[in-house]
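Note that the coordinates shown come from a computational prediction; the quantities given were computed from them, not determined experimentally.
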Amino acid sequence: WLTTMPTPKFPVAVLQSSLKLTQEPPKGLKANMARSYIDMDEAEFESCDKPAPFKKLMFGLAFFNAVIQERRKYGAVGWNIPYQWMTSDLIFAQQNLRLMINEQPSTPFEALNVIISDVVYGGRVTDAQDVRLTRAVLATYMNPTAVNDPNASYCPSLDARFRYGPPAEGDVEAYKAYIATFPIIDRPEIFGLHQNADISFQQKETGTMLETIISLQPRTGGGAGVKTPDEQVQEVADELASKLPPKLDAKSAAEVTFGKLSDGSVNPLGIFLSHEMSKFNRLLLAMSAMLSEMQRALKGLVVMSAELDAAYANFIFQQVPGPWGESGRGYPSLKPLASWFKDLVQRVDFMRTWLATGPPSSFWISAFFFPQGFLTSALQAHARRCQLPIDMLRFNTKVMPYLGLEQTPAPPETGAYIHGMVMEGARFDAAAGYMAESHPGELFAPMNVVWLNPGELGPAEPGYVCPFYKTNLRAGTLSTTGHSTNHVCNFTLPSVEEPSHWIRRGAALISQTND
């Protein structure tokens, strides 16, 4: 029996002839908590000078450690990036907890929250939205109420089923006995999530399984009456080629589309439109070329290249070919091929209408390759119109009663209206004028038209700072422009609840759904 740290000097012959075992963290809140207390040394557990607050906060710390690991199974609504925390993180946090309680006359809750969430655990966290989530989750367990209230509960909404909270002071065995009474099945609410998160988890598991099944599918023909793969691909290629929209032509533009502002400068929104047009035209050209080559290759007129071969498999399984996606000429999207093509046609139609009739009363923010560019252009147009420095301006957001472009009567006097977003993890109650809990079974709630009203920089608006993403994958990489490939910006939305509540819910605005 041999255990070893990773080392390049390990003998390869021994490695090849050995049975390799790996130890994974336990699954489930109950198993995770039990593991933390099984590994806990009783002498260290009793070593604090102030045992009452130490043991309660130690329990909260172990609970926090279990919750942040279990949230990973819920996908992006749990964490934007699934971080790999280790037992050493919990050990270091416990040592800091003991040290600070021993050395301070009173429990320094604020310092503990900062050191544990931002330093010990936060050292692995790279996404800005995940940083604030770590703080919000830890604050649930590391607070005066958890120490002073004997009936403190980590999730009051579940108290009727089971009260999760720090037990009375006792030895390690007493805590183990309490953990043994935990329910086997964990409800999403204990992790700070809405009950709909269970549906997201099941969809994530199903999607992973289907991807594995698809990757194992052979390319053999079917029996009598069943179309061969070549026939299926030919049918898809012909249909896409026949419905592919024509290129966007600047010659068909209305005079107001690229008109100049009152100061004689070029309209920034017109410049943004021209950039978007060139991106759509490049994508349409690439699609037309690939579909033409695919049709010829299926007839045996040209050799099936590696790129065409990959697209052949994509067409069979209703996937978007790589050259049409984010890694090629396209934009971020998680839709299957049929839905993606329909969405593309709608995007091109929106751009064509804008080109031919001038700026619309509300802009479909989901239609753009680079929505950050639209936000900058709209702000720049206001800055030039009012002769103000753009770096001293920001957008103030207000949710309007309109549902979409058709219901929007006219553009605002300042700024711009945008539509097309959906909210995950929560919803916006337009009648009440603030954020509310999601309806059961509704994963994505439609968002009303939002007014982006330019204003001067000043104190932050009260409310929940809601992140806006292109896809519900949420995680992105830093592009060459300095922007995330997925995160667009943050909008401040009015809320009756504390912002930390929606942070734990994983509430975010999404540009488009996956269906």
Side-chain angles (χ1 to χ4, degrees), residues 5 23 25-26 29 31-72 79 81-149 152 154 164-176 178-179 190-192 500 503-504:
M5 294 289 288
Q23 187 177 21
L29 186 64
N32 215 308
M33 287 289 292
R35 168 70 180 276
S36 296
Y37 273 83
I38 288 172
D39 293 344
M40 197 171 293
D41 184 73
E42 190 165 358
E44 290 188 7
F45 186 69
E46 302 289 349
S47 63
C48 185
D49 299 338
K50 304 169 186 174
F54 174 71
K55 290 181 179 180
K56 287 196 172 187
L57 293 179
M58 179 76 86
F59 184 85
L61 187 57
F63 205 94
F64 163 76
N65 181 73
V67 164
I68 61 174
Q69 296 195 58
E70 289 301 310
R71 282 183 67 105
R72 293 181 302 195
W79 292 101
I81 300 171
Y83 305 99
Q84 300 298 320
W85 286 288
M86 301 172 65
T87 307
S88 58
D89 297 314
L90 177 60
I91 294 172
F92 292 148
Q94 290 171 346
Q95 291 173 349
N96 278 277
L97 176 65
R98 181 186 302 104
L99 180 67
M100 297 189 74
I101 290 180
N102 280 339
E103 293 189 352
Q104 299 294 327
S106 60
T107 306
F109 291 102
E110 185 176 354
L112 283 169
N113 275 278
V114 171
I115 289 177
I116 294 174
S117 66
D118 291 6
V119 180
V120 179
Y121 282 89
R124 301 182 188 275
V125 180
T126 55
D127 187 276
Q129 310 307 322
D130 288 341
V131 169
R132 67 175 190 169
L133 175 57
T134 312
R135 296 170 184 165
V137 173
L138 180 62
T140 307
Y141 318 113
M142 198 72 59
N143 57 65
T145 302
V147 174
N148 302 325
D149 186 355
Y154 294 150
Y164 292 94
E169 182 188 348
D171 57 14
V172 173
E173 295 303 320
Y175 284 85
K176 290 180 183 178
Y178 172 60
I179 294 169
I190 192 58
F191 306 120
S500 58
I503 293 173
R504 290 190 291 270

Trainee: When rounded to the nearest 0.5 angstrom, what is the spacing between CG in L138 and CG in D118?
Mentor: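 So the CG of L138 and the CG of D118 are separated by 9.5 Å.
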Trainee: Side chain of N65, backbone of L61: donor and acceptor closer than 3.5 Å?
Mentor: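 No; zero donor-acceptor contacts below 3.5 Å.
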Trainee: Give me the ring orientation class for W79 and Y83: parallel if the planes are under 30° apart, tilted from 30 to 60°, perpendicular past 60°.
Mentor: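 Plane angle over 60°, so perpendicular.
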Trainee: Parallel, tilted or perpendicular: which describes the rings of Y154 and F63, with under 30° parallel and over 60° perpendicular?
Mentor: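 Because their plane-to-plane angle lies in the 30° to 60° range, the rings of Y154 and F63 count as tilted.
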Trainee: Does any N or O in the side chain of R98 come within less than 3.5 Å of the main-chain N or O of F54, such that one atom is a donor and the other an acceptor?
Mentor: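 No.
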Trainee: Between T107, I115, L57, which is the residue that forms a side chain to side chain contact (heavy atoms under 4.5 Å, CB included) with M100?
Mentor: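 By the side chain to side chain contact (heavy atoms under 4.5 Å, CB included) criterion, M100 pairs with just one of T107, I115, L57: I115.
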Trainee: Where do M142 and F64 land on the side chain to side chain contact (heavy atoms under 4.5 Å, CB included) test, with the steps shown first?
Mentor: CA-CA 9 Å; M142 198 72 59; F64 163 76; over 6 Å; no
Trainee: For the CZ atom of R124 and the CG atom of D89, what is their distance to the nearest 0.5 Å?
Mentor: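 Answer for the CZ-CG pair, R124 versus D89, is 4.0 Å.
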Trainee: Is it true that a side-chain atom of N148 and a backbone atom of P144 form a donor plus acceptor pair closer than 3.5 Å?
Mentor: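 Pair found, side chain donor or acceptor close to backbone of P144.
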Trainee: Any sub-3.5 Å donor-acceptor pair from R72's side-chain atoms to Q69's backbone N or O?
Mentor: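 Checking the backbone N and O of Q69 against the side chain of R72, a donor-acceptor pair under 3.5 Å is found.
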Trainee: Is there a donor-acceptor pair under 3.5 Å between the side chain of R71 and the backbone N or O of A66?
Mentor: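 Not at all, since once roles are kept as given, no pair shorter than 3.5 Å links the two residues.
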Trainee: Does Q104, at its CD atom, have more than 12 non-hydrogen atoms belonging to other residues, nucleotides or ligands within less than 6.0 Å?
Mentor: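 For Q104, atom CD is crowded (more than 12 foreign heavy atoms under 6.0 Å).
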Trainee: I need the Q94 CD to M58 CE distance, nearest 0.5 Å.
Mentor: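 If I round to the nearest 0.5 Å, the distance is 4.0 Å.
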Trainee: Drop me the distance from T87's OG1 to F92's CZ, to the nearest 0.5 angstrom.
Mentor: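 Here the interatomic distance stands at 11.0 Å.
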Trainee: Check the pair M33 / F59 against side chain to side chain contact (heavy atoms under 4.5 Å, CB included), numbers first and verdict last.
Mentor: CA-CA 9 Å; M33 287 289 292; F59 184 85; 3.5 Å; yes
Trainee: In Å, rounded to the nearest 0.5 Å, how long is the span from CD of Q95 to OG of S88?
Mentor: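 Here the interatomic distance stands at 10.0 Å.
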Trainee: Ignoring hydrogens and angles, tell me if any N or O in the side chain of N113 forms a donor-acceptor pair with the backbone of F109 under 3.5 Å.
Mentor: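 Yes, N113 side chain to F109 backbone: donor-acceptor pair under 3.5 Å.
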Trainee: Once you round to the nearest 0.5 Å, how far does OG1 of T126 lie from CD1 of I81?
Mentor: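 Taking OG1 in T126 and CD1 in I81, the distance rounds to 3.5 Å.
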Trainee: Is a side-chain donor or acceptor of N143 paired with a backbone partner of T140 at a separation under 3.5 angstrom?
Mentor: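 Indeed, once roles are kept as given, a pair shorter than 3.5 Å links the two residues.
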Trainee: Okay, side chain of N102, backbone of D49: is any donor-acceptor separation there less than 3.5 Å?
Mentor: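 Checked: pair present.
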Trainee: State whether the side chain of K56 and the backbone N or O of A168 hold a donor-acceptor pair below 3.5 Å, judged by distance alone.
Mentor: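 The answer is no, because no donor-acceptor pair under 3.5 Å joins these two groups.
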